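Accompanying notes for the structure given below.
As the structure is a computational prediction, the values presented were derived from the model and not from experiment. The figures here come from the full heavy-atom set of this structure, side chains too, leaving out hydrogens, waters and symmetry mates. In each ligand, atom 1 is the first atom listed, and ligand 1 is the first ligand listed.
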Amino acid sequence: MGRERLYLFDTTLRDGAQTNGVDFTLNDKLAIARMLDELGIDYIEAGYPGANPTDTQLFAEERGLRATFTAFGMTRRPGRSTSNDPGLAALLEAKADAICFVAKSWDYHVRVALETSAEENLASIRDSVRAAVGKKREVLLDCEHFFDGYKADARFALACAKAAYDEGARWVVLCDTNGGALPHEVEKIVGEVVKVIPGSHVGIHAHNDTEQAVANSLAAVRAGARQIQGTLNGLGERCGNANLVSIIPTLKLKGEFAGRFEIGVSDAQLKTLAHASRTLDEMLNRAPNRHAAYVGESAFATKAGIHASAIMKEPATYEHVPPETVGNQRKLLVSDQAGKSNVLAELERIGLKVDREDPRIGRLLEVVKEREAIGYAYEAADASFELLARRVLGKVPNYFDVEKFDVTVEQRDNALGQRVTVSLAVVKVKVDGEHLISAAEGNGPVNALDLALRKDLGKYQSYISGLELTDYRVRILNGGTEAVTRVLIESQDETGERWTTVGVSPNIIDASFQALMDSIVYKLVRSGA
Ligand SMILES: [Zn+2]
């Protein structure tokens with residue numbers, strides 16, 4: 001029996017761009033659109049042509065995408081004709097494959113927000129859809145607040161949806177705009193809508209205000225909807241939109257959906273999902289969510305010794321899907337609870353071949369336990385663990401020595417008479433018998449130290465030129481004046497690879513220095529310096 005086609009509609013560039021602190025440039029938008037296209041998404045909603053220069057320009061570009069490139073905008077304004085509405089005109093003129101209109105479907109909003117009549121709202125939907133169909137565009141109608149509207153006045157909400165469908169809209173999209181609906185409500189209401197409009201023309205657009213956006217999307221599909229709208233990583237204002245990064249693998253890997261439906265994402269494309277998710281975070285300069293379903297760094301990480309030894313024998317014992325299917329990987333955490341099997345598995349993952357019976361394994365485990373007891377956290381700092389393991393196994397060259405460093409913090413008045421705090425670091429290193437001294441100013445002591453340390457490493461400098469510090473986290477481990485500080489540093493190189501290193505000391509500068517050193521040495525090891 002053939003499987004039914006389900007369509008994926010991404011709105012990262014439109015609804016996702018509403019997120020606090022997110023501001024995509026034209027290049028960002030083009031890069032994300034290409035990434036979505038390569039992932040196999042059917043529709044890419046890219047913005048509002050005519051509403052701002054970036055989006056207007058975006059829709060004027062040659063894009064060469066396979067996906068249906070979709071422009072978003074409002075239906076004609078009440079009391080205007082379609083030919084006398086500049087917003088609508090810009091939308092109709094845009095170089096888009098499809099146009100997604102948004103319209104009210106809650107009588108309360110029509111009265112209060114739009115200050116118009118129910119009849120005029122319906123006429124605006126009909127006129128706008130007709131105009132876009134006339135321009136040979138595929139047309140979608142987002143029914144804003146559909147579920148609240150349906151609960152308040154089902155006949156009116158349905159009439160809005162039906163008006164668009166009858167005028168030739170390819171899709172009528174039911175939006176849970178304030179994200180307050182629950183899965184059983186969505187399933188029931190969508191079930192009623194598909195009695196009036198065929199499910200093959202019905203979409204779902206869910207927001208995540210009750211953490212149900214993914215569940216609501218799946219509930220709508222169960223009830224008959226055949227288009228799912230969402231964003232990468234669940235980006236979106238407030239609590240976000242339905243997360244396509246969770247929805248896609250669920251549709252591909254979970255029997256109920258995989259058996260009934262086909263989507264545009266192939267198995268090979270699914271393997272690039274984790275990478276796509278992390279690439280978006282990188283563009284937004286955000287640390288990826290470790291605990292994200294399917295793609296998070298911890299999504300397939302196991303800590304307890306007994307689970308780990310079972311996973312070594314048969315991964316399916318503790319994993320709901322194989323991590324490789326979504327481009328993620330299994331990770332057995334090294335921690336003070338860990339047994340030898342964790343350490344062995346982790347060594348294998350990082351590509352260090354060691355015999356099971358090698359006495360150095362036992363020694364490594366001892367060192368890890370000792371260091372974790374004084375505050376090191378290797379499960380969060382994979383790069384520091386790898387270095388520690390390589391050191392115990394005698395596989396880290398001594399690239400350079402830091403003979404001394406000096407950091408000063410000075411507060412003074414600058415030339416404009418403003419009070420400023422300046423940090424200066426001086427670092428003396430020895431590379432191949434050669435003494436090098438670097439100094440750098442920074443906005444804080446750690447920043448200055450980082451800059452000075454990476455300024456001149458002699459013949460190794462070219463290996464670390466793309467190194468960048470992307471996250472810095474400090475934790476005080478026990479209170480009082482005897483407190484110990486743990487610093488975790490996340491770094492990234494020019495290829496986009498990220499790694500985390502750790503340092504522990506009663507002195508925050510010293511703890512930071514250890515983590516910075518590990519980061520540099522790790523990069524040198526990885527680059528084969
Ligand atoms: Zn929305």
With sequence neighbours left out, which residue pairs that include part of residues 195-223 fulfil the ring pair (Phe, Tyr, Trp, His ring centres under 6.0 Å) condition?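 Those involving residues 195-223 are Y165-H201, H205-H207.
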Within a strict 4.5 Å, meaning less than it, do heavy atoms of the L6 and L8 side chains meet?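 Not touching, per the 4.5 Å side-chain cut-off.
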Tell me every residue that passes ring-ring contact (aromatic ring centres under 6.0 Å, His included) with Y294, counting only those two or more places apart in sequence or in another chain.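 Once residues adjacent in sequence are excluded, the partners of Y294 under the ring-ring contact (aromatic ring centres under 6.0 Å, His included) criterion are H320.
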For F24, what residues pass the ring-ring contact (aromatic ring centres under 6.0 Å, His included) criterion, not counting sequence neighbours? none
Could you tell me whether R111 sits above the aromatic face of Y108, with NZ or CZ closer than 6.0 angstrom to the six-membered ring centre and within 45 degrees of the axis?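 No, cation not above the ring by the 6.0 Å, 45° rule.
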Would R14 count as a cation-pi partner of F72, with NZ or CZ less than 6.0 Å from the six-membered ring centre and within 45° of the ring normal? yes
Under 2.8 Å from the Zn ion (ligand 1) - protein N/O/S, by chain and number: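 Less than 2.8 Å away from the Zn ion (ligand 1) sit D15 OD2, H205 NE2, H207 NE2.
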